[in-house]
Amino acid sequence: MTEAPQHAMAAVKALKKALRKELAGRLKLVTSEVAQKESNIVTEKLLGSHEYRNSKSVSVYISMDGEINTREVIRNIFDTQKACYVPRFMGSATMTMVKLNSWEDFLSLPVNKWNIPEPPADQVREDALDKQGLDLIIVPGVGFDVAGNRIGHGRGYYDRYMQQCEEWAAKNNRQPPKTVALALREQMVDVGRIPLEPTDRKPDVILTPDEEIRAK
């Protein structure tokens, strides 16, 4: 890699870091009441979407502050007898999706270092890519725009996992999973604000309280 591309990549990473910091400050000002109201609207949109209705095997992030609350999504996955998978982080680079068996199973999860419920690393659970694969991945993020771009938390977990799922689908002669991101109003930024890298992946759909954005 030449010095110029290295310098350009470093500049993009610095811009991303600055945007994440700006959005974190913005999201701290969102009250829990507003966040829950927006979560209710977006959850209703998701549950009514054909991507969700047509899915049988769903992976969903377990939300933290500054994100659409996914608690009712998880409850609905069990109510509608879909298979529910949630992230398990293995070191600094690897994320797998492992199966939850019931609503009670979800409620019993211990919290990780980010204070988010997560299945323990030493617990034996079915991996989504060991058997049936996924129909739908519900994707978190820090910021989004109306062109369908997404900025995550900076570790690249979901970009790599979406790529892994596409490779798995091709190998197993399956359609790759649909990807739907959920966003609060304060997570939306103007087009051009999100610095882009070749490894960044657009979700198929971004749902906000105001609109449904489909990748072009």
Side-chain angles (χ1 to χ4, degrees), residues 1 5 9 12-13 16 46-47 49-63 67 70 73-74 76-78 80-102 105-106 109 112 116-142 144 147-183 194 196-207 212-216:
M1 188 180 289
M9 192 176 294
V12 167
K13 289 188 182 302
K16 281 188 168 183
L46 172 68
L47 301 187
S49 69
H50 67 262
E51 284 85 4
Y52 183 80
R53 292 198 316 271
N54 294 339
S55 67
K56 294 179 181 176
S57 181
V58 182
S59 85
V60 56
Y61 68 93
I62 299 178
S63 52
E67 294 177 331
T70 57
V73 176
I74 295 168
N76 188 269
I77 290 171
F78 291 117
T80 53
Q81 300 183 319
K82 302 177 190 290
C84 181
Y85 296 86
V86 296
R88 180 157 70 183
F89 301 96
M90 314 293 283
S92 61
T94 305
M95 177 184 72
T96 61
M97 293 291 175
V98 295
K99 191 172 186 179
L100 292 184
N101 299 308
S102 65
D105 187 16
F106 165 65
L109 294 177
N112 61 21
I116 305 168
E118 180 185 357
D122 60 354
Q123 210 170 61
V124 177
R125 287 182 180 267
E126 180 186 314
D127 186 294
L129 300 185
D130 282 348
K131 290 189 177 180
Q132 61 188 341
L134 293 165
D135 301 318
L136 174 63
I137 302 173
I138 299 171
V139 184
V142 176
F144 306 91
N149 297 305
R150 167 187 173 271
I151 180 170
H153 290 278
R155 296 178 180 86
Y157 288 121
Y158 274 85
D159 292 317
R160 287 191 297 275
Y161 193 74
M162 285 189 267
Q163 176 68 34
Q164 185 182 350
C165 285
E166 287 187 6
E167 291 168 359
W168 183 94
K171 183 179 175 183
N172 290 275
N173 197 28
R174 295 275 301 275
Q175 288 294 315
K178 297 294 184 183
T179 54
V180 178
L182 312 178
I194 297 178
L196 302 175
E197 296 177 88
T199 52
D200 292 336
R201 303 178 71 83
K202 288 184 176 184
D204 295 318
V205 185
I206 300 170
L207 297 177
E212 178 182 298
I213 300 154
R214 294 190 170 267
K216 295 179 176 63

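Scanning both residues, Leu129 and Cys165, for their nearest heavy atoms gives CD2-SG, 4.2 Å. In terms of heavy-atom proximity, Pro140 sits nearest to Glu67 at CB-OE2, 3.7 Å. Closest approach of Pro203 and Ala181 over heavy atoms only: CG-CB, 3.8 Å. The two atoms that bring Val139 and Tyr158 nearest to each other are CG1-CD2, 4.0 Å, heavy atoms only. Contact detail for Leu134 and Val58: the closest heavy-atom pair is CD2-C, 4.0 Å.
Inter-residue side-chain proximity for Leu196 and Val12 is flagged as unmet; no heavy-atom pair is nearer than 4.5 Å. Contact annotation: the side chain of Leu100 approaches that of Phe78 to within less than 4.5 Å [non-hydrogen atoms, C-beta and beyond]. Lys99 places none of its side-chain heavy atoms less than 4.5 Å from the side chain of Cys84. Side-chain atoms of Arg174 and Asp135, non-hydrogen and from C-beta on, do get closer than 4.5 Å to each other. Contact of the Val205 side chain with the Ile213 side chain is not registered, since no non-hydrogen atoms from C-beta on lie closer than 4.5 Å.
To the nearest 0.5 Å, the span separating OH on Tyr161 from OG1 on Thr94 amounts to 11.5 Å. To the nearest 0.5 angstrom, Gln163 atom CD is 4.5 Å from Arg201 atom CZ. Here the CE atom belonging to Met95 is positioned 13.0 Å from the OH atom belonging to Tyr61, to the nearest 0.5 angstrom. The CD1 atom of Ile206 sits 11.5 Å away from the CZ atom of Arg214 when rounded to the nearest 0.5 Å. The structure places CZ of Arg53 at 12.0 Å from OG1 of Thr80, a figure rounded to the nearest 0.5 Å. Note: Ile62 CD1 to Phe106 CZ = 5.0 Å, rounded to the nearest 0.5 Å.
A donor-acceptor contact shorter than 3.5 Å is absent between the side chain of Arg150 and the backbone of Ile194. Using modelled atom types, no side-chain atom of Asp130 and backbone atom of Glu126 make a donor-acceptor pair closer than 3.5 Å. With hydrogens and angles ignored, the 3.5 Å screen pairs no side-chain donor or acceptor of Glu51 with any backbone N or O of Leu136. In this structure, Ser59 contributes its side chain and Tyr85 its backbone to no donor-acceptor pair below 3.5 Å. A donor-acceptor distance shorter than 3.5 angstrom exists from the side chain of Lys82 to the backbone of Ser55, with no hydrogens or angles considered. The main-chain N or O of Ala147 is found under 3.5 Å from a side-chain atom of Lys202 such that the two form a donor-acceptor pair. Looking only at distances, no side-chain donor or acceptor of Ser57 sits under 3.5 Å from a matching main-chain atom of Ala83. Side chain of Asn76 to backbone of Val73: no donor-acceptor contact under 3.5 angstrom is found.
Around atom NZ of Lys178, no more than 12 heavy atoms belonging to other residues, nucleotides or ligands sit under 6.0 Å away.
By the side-chain contact (heavy atoms from CB on, under 4.5 Å) test, Gln123 pairs with Arg88, Pro119, Pro120, Arg125, sequence neighbours left out. Ala170 pairs by the side-chain contact (heavy atoms from CB on, under 4.5 Å) definition with nothing, not counting sequence neighbours. Thr179 pairs by the side-chain hydrogen bond (donor to acceptor under 3.5 Å, both in side chains) definition with Asp204, not counting sequence neighbours.
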